[in-house]
Structure formats: structure tokens, C-alpha cells
Number of protein chains: 2
Amino acid sequence: MAGPIKSDAHKLPEKVARILAGEIGQGRFVTGKPLPPESELAERFGVSRTVIREALARLKYDGLVESRPRVGAIVVPAGQRRAFRLDSLDPKSGQDLRNLYELRALVESGAAALAAVRHGAKDIERMEKHLASIDQALETGRLGASPDLAFHRDLATASGNPVLDDFMRFLNTKVSGMIRMARRKSNQDPVLAAMVQDEHREILEAVGSGDSERARRAVLSHMQKGALRQGLEIVIPGGPRDLGRHLEP
Amino acid sequence: MAGPIKSDAHKLPEKVARILAGEIGQGRFVTGKPLPPESELAERFGVSRTVIREALARLKYDGLVESRPRVGAIVVPAGQRRAFRLDSLDPKSGQDLRNLYELRALVESGAAALAAVRHGAKDIERMEKHLASIDQALETGRLGASPDLAFHRDLATASGNPVLDDFMRFLNTKVSGMIRMARRKSNQDPVLAAMVQDEHREILEAVGSGDSERARRAVLSHMQKGALRQGLEIVIPGGPRDLGRHLEP
DNA sequence: CGCTATAATATTGTATGACAAATAAACACG
DNA sequence: CGTGTTTATTTGTCATACAATATTATAGCG
């Protein structure tokens with residue numbers, strides 16, 4: 001039995017890891033009890049122990065199992081994961097995209113509220129610079145997607161919370177990746193781009209003025225409109241009332 | 001040269017992966033260009049190719065590198081990570097814990113706002129049941145930590161957004177894990193526990209009444225007080241104004 | 001008989017060597 | 001100069017061997 005099985009797939013460990021993770025998730029293995037030994041799994045999947053080993057390494061890394069010598073890879077009590085992933089999301093599913101957008105809106109609006117009360121002078125400078133870059137891009141006919149992303153990153157940074165910053169970067173790349181996937185024919189419409197830019201300015205002004213509630217609503221509104229531009233209607237976490245208008249009754 | 005190097009650490013691949021990830025993060029490798037070949041890395045770290053392989057597998061899994069035959073493990077453009085982790089947080093660092101708490105407060109308050117407008121009848125039932133379990137636990141002298149966690153999970157579920165739900169579960173285990181780490185002598189005070197329970201009831205009532213703004217503030221207040229009970233003062237993302245009081249002016 | 005120290009044993013951790021697969025780069029050829 | 005072919009390098013997978021480790025069984029002792 002020498003040589004690879006067939007060469008029909010070039011990522012054996014990935015496949016094995018997926019299958020095992022699925023079975024663990026469905027409770028096919030008792031938590032606290034060990035999985036079958038590596039050698040046995042190797043036999044069952046028809047691959048070498050090396051592949052099993054690499055697959056198990058992933059599960060360990062995610063905290064799904066924890067392996068100990070002489071006992072095996074024991075299944076750790078549910079919900080002790082060490083990593084948060086969004087792999088199972090389907091880029092073509094509108095529902096998944098909506099859920100993701102919703103989470104992003106929630107987090108980013110909160111970050112803006114924090115940024116309003118915590119930002120430093122350089123934060124505002126950075127954001128202004130990036131907005132100017134977008135303007136410049138629009139004048140030259142380009143879309144300015146890159147400074148746009150930078151602006152949102154600035155917002156995260158200005159929140160003064162590195163954990164939040166980190167998560168927002170993760171989410172944003174995920175969202176933009178999914179959007180790119182979902183619709184290659186991005187909207188090149190300059191009128192829309194100008195609208196977006198207005199929303200950006202409102203956000204910056206709100207943050208700069210130190211009004212966290214206004215900043216929060218500005219981002220919420222921006223996110224909701226952004227989702228709409230993608231053809232998605234999302235519920236605004238702050239409540240569907242007061243959409244768009246601000247706080248003066 | 002047979003046998004492992006010394007047995008001074010039981011997880012070589014983990015260490016190697018950490019080092020490599022750090023070096024990549026600090027830009028010591030050019031993005032788009034391949035890392036040194038596995039054999040070379042093995043030599044450099046003084047371990048076998050097996051270990052390097054397992055370390056690289058982790059980096060690949062997180063999307064930091066992407067390996068192709070004949071060219072090597074190329075460094076993928078920054079910010080394309082496939083997993084969000086909180087491993088680098090120090091459980092003993094008050095700052096880290098505060099940042100984590102802040103993110104949690106932000107997300108969970110948003111989830112509550114969503115739950116207020118989206119919950120179904122069974123969601124409320126579940127939450128009531130878990131609150132009752134806490135009451136029961138308090139009467140028997142126990143702390144009721146487990147139904148407490150369940151109540152927060154219910155909130156996530158009632159938001160109707162599975163992605164949000166998933167993330168909240170991840171965050172909550174992370175937070176509670178860090179708290180357990182940080183202070184073993186948990187507060188067994190029954191008076192405090194009763195206070196917490198009052199806050200829970202306010203949250204449930206707010207969600208049940210469909211008032212998302214009130215739900216959001218109730219959770220925010222609960223989180224802030226919870227942090228205070230842990231000796232942490234956190235900034236409330238919704239803005240420091242209006243703390244605790246509700247919306248009727 | 002019950003408790004503790006020791007040995008047997010199964011399983012993971014790591015090392016080594018071999019070969020297959022894939023592909024970028026060098027090369028040959030028209 | 002462009003294009004197809006060979007070559008070389010690197011990853012992917014397999015197989016085997018031994019070390020480390022902790023569980024379990026066993027033996028020894030009070």
C-alpha cells in the first residue's frame with residue numbers, strides 16, 4: 001500500500017478535518033471521551049496517519065479537541081472554541097450575507113460611538129485624509145474602494161479598543177470578500193459614490209463632534225444604505241424607528 | 001540525529017507557528033512571495049520537516065499563507081485572515097479584559113435590540129425558564145452560573161441572526177474563561193446575585209415588550225454593572241450619557 | 001485486605017527517508 | 001522571437017521507527 005490513494009483531491013487533510021468537525025458538531029463523539037486513535041482513523045479514511053495528524057492538528061488548533069498522550073484526542077466540552085470562523089457561510093446566500101451585514105453594522109456603529117468619545121487628533125486627521133483620497137479618486141474616475149476601506153479601518157482604530165479593531169478588520173475583509181464573490185459587476189455609478197461620500201462625511205463630523213449617539217446613528221444609516229445598495233434589506237439593530245433622521249424631536 | 005531534540009516543550013509545532021506568524025505579522029516576509037522551503041525552515045528551527053509541516057498547516061488554515069507545489073508557502077496579502085482569535089490576550093491584564101468586555105457589551109446590546117423586534121414566543125419562554133432556574137439556584141444557595149450563561153445564550157438566539165449567535169457564544173466563553181482565570185475567588189455574594197437577577201428581568205421585559213432601544217440600554221447597563229462587579233470600569237459604547245435611566249425625558 | 005510504588009502498554013509526538021504530483025524556469029526547437 | 005518540452009525544485013503523501021507520556025495493571029508492603 002504505497003503511494004497516495006488516487007490524486008483525485010489535493011487537500012486530504014482539509015476534507016478529513018471537515019468531516020471530523022462535522023461529526024463532532026453533530027455529537028457523534030462523546031465529549032470528554034477520546035476519538036478513535038490516529039491509526040484507526042487513518043484506516044477508516046483510507047489515508048496515512050500523516051494526513052489524520054494534520055487534520056487533527058486543525059481541530060486542536062480550533063479547540064474542538066485536545067489530545068493527550070496515551071489517551072487520544074478528547075472532545076472538549078462544546079463552545080470552548082478558540083477561533084471564530086465564518087467558513088460555512090455561503091457567498092451566494094442572501095440570508096448569510098444579510099446576517100453578516102447585520103453583525104457588521106452592529107459592531108461598527110458601536111465602534112463609532114466609542115470613537116466619538118475617545119478619538120485623538122490624529123484619528124480625525126487620518127479619516128479626513130482618506131476622505132480626501134476618495135474625493136480625488138472620484139474626480140479621476142476611479143471608485144476609491146481602497147481609501148474607503150481605509151476610512152472604515154480608521155473608525156475601528158479610533159475606537160481605542162484594539163480587540164474591537166481587530167475584529168472589525170476581520171469582519172470587513174470577510175464582508176467585502178463575500179460581496180466581491182456575490183457580484184462581480186460592482187456598481188461603478190458615480191452618483192452613488194457621491195452619496196456614500198456624503199454619508200462618510202456625516203460620520204466623520206459626528207465622531208469629531210464627540211456625539212456618540214449621532215455617530216452611532218450615522219454609521220447605522222450608512223450601513224443600512226450600503227446594504228440596500230447591495231440589494232439587501234437589513235434590520236437596524238438600534239431599532240427600526242428613527243431611521244435616517246437624527247435625535248432632535 | 002535521531003529522536004526529538006530535548007523534550008523541553010511539548011508542542012513544537014505550536015511554538016514554530018507562533019514565531020512564524022509573528023514574523024509574518026511584522027512584515028519580515030514579503031507578501032506574495034514564498035517563505036523559505038520547508039526543508040530550510042526545518043534546518044533553521046532545528047526540527048524535522050514534520051513539525052514545520054504542522055506549523056505551516058496552521059498558518060494555511062488561518063489564511064496567513066497559501067502553499068503551492070514548486071513555489072512554496074506564499075504570504076497572502078494582509079488582512080485576509082480566515083479566523084478570528086483572541087489568543088494573544090493576557091488573562092491577567094485588566095486592559096485586555098476591559099477591551100473584551102467592551103466588545104461583548106457592544107455586541108450583546110445590539111443582539112438584545114434585535115431580539116426585541118424579532119423574538120418568537122418560544123424565545124421568551126426559554127428565557128423565563130432559565131431565569132426561574134437561577135431563582136431556584138439562589139434559593140438552594142448555589143450561584144446559578146450555568147442558567148445565567150444559558151440566559152445570555154437565549155438572548156443571542158432570539159436575535160434571529162445565527163452569525164451573531166455564533167459569535168456571542170464564542171465571546172461569552174472567552175470572557176467567562178478569562179474571568180475564571182483572573183479571579184478564582186468568584187463573588188459568592190447572594191445580594192449581588194439578586195441584583196444581577198433584577199437586571200436580567202429588566203432585560204427580558206424590555207425584549208418581551210418589543211422596545212429595542214430599552215432592551216439595548218438594559219443590556220448595556222447590565223454589562224457595565226457586571227464589569228464593575230469584576231472591578232472594571234468600562235465605557236458604554238452607546239455613549240456615557242443616559243446611563244441606567246431609560247428613555248422617558 | 002487495602003494502599004502505594006512499580007512496571008507494562010497503548011497512544012501521541014517527532015524524526016527520517018522515500019516517492020508522487022505539480023509547476024516554474026530553463027532549454028531546445030521551429 | 002515565440003512556443004513546446006524537459007528539468008529541477010518544492011510540496012503532498014506514505015511508511016516506519018523510536019521517544020515521551022500517562023493510563024492501567026501488577027506487585028509489593030503494611
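Chain letters run A, B, ... following the sequence lines, proteins first and then strands; every chain starts at 1. Computed from a prediction, not measured in an experiment: that's the story for all the values here.
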Of B:S48 and A:L56, the one whose closest nucleotide on DNA chain C sits nearer the 5' end is A:L56

In terms of side-chain geometry, is the basic nitrogen of A:D62 or B:R85 positioned less than 4.0 Å from the acidic oxygen of its partner? yes

Rounded to the Å, how far apart are A:I74 CD1 and D:dT23 C1'? 13 Å

Before accepting this row, confirm whether a basic side-chain N of the pair B:R169/B:D165 lies closer than 4.0 Å to the acidic partner's carboxylate O. yes

Side-chain donor/acceptor of B:R68 to base of D:dG12, under 3.5 Å: no

Whether A:S159 side chain and A:L155 backbone form a donor-acceptor pair below 3.5 Å: no

Do A:T50 and B:T50 come close enough that some side-chain heavy atom pair is under 4.5 Å? no

Expected output is a numbered-order residue list: members of residues 30-40 of chain A with a heavy atom under 4.0 Å from any atom of DNA chain C. What is it? A:P37, A:E38

For C:dG13 and A:R53 - does any side-chain N or O of the residue sit under 4.0 Å from the phosphate oxygens OP1/OP2? yes

Where is the tightest heavy-atom contact between A:L232 and A:G94, given as atom of each residue plus distance? CD2-O, 3.9 Å

Please give me the minimum heavy-atom distance between B:V219 and B:A112, naming the atom from each residue. CG2-CB, 3.4 Å

Is there a side-chain contact between B:E102 and A:L164 in this structure, where contact means two heavy atoms from C-beta onward sitting under 4.5 Å apart? no

Separation of D:dA17 atom P from A:R49 atom CZ, nearest Å, is 13 Å

Looking at B:E43, I want to see if its CD is surrounded by more than 12 non-hydrogen atoms of other residues, nucleotides or ligands under 6.0 Å. no

Taking the inter-plane angle between the rings of A:F170 and A:F84 on a 0 to 90° scale, is it parallel (under 30°), tilted (30 to 60°) or perpendicular (over 60°)? perpendicular

According to the interplanar angle, ranging from 0 to 90°, do the rings of B:H222 and B:H152 count as parallel (below 30°), tilted (30 to 60°) or perpendicular (above 60°)? parallel

Nearest-angstrom distance from the residue atom CD of B:E14 to P of C:dT14: 11 Å

When rounded to whole Å, the CG to P distance for the pair A:L12 and C:dA20 reads 17 Å

Hey, is A:E14 close enough to A:R18 for a salt bridge, meaning N to O under 4.0 Å? yes

Strand-adjacent residues in residues 57-67 of chain A, judged by heavy atoms under 4.0 Å from DNA chain C: A:K60, A:S67

Contacts under 3.5 Å, N or O only, protein and nucleotides 8-10 of chain C:
from, atom 1, to, atom 2, distance (Å)
C:dT9, O2, A:R70, NH1, 2.8
C:dA10, O4', A:R70, NH1, 3.3

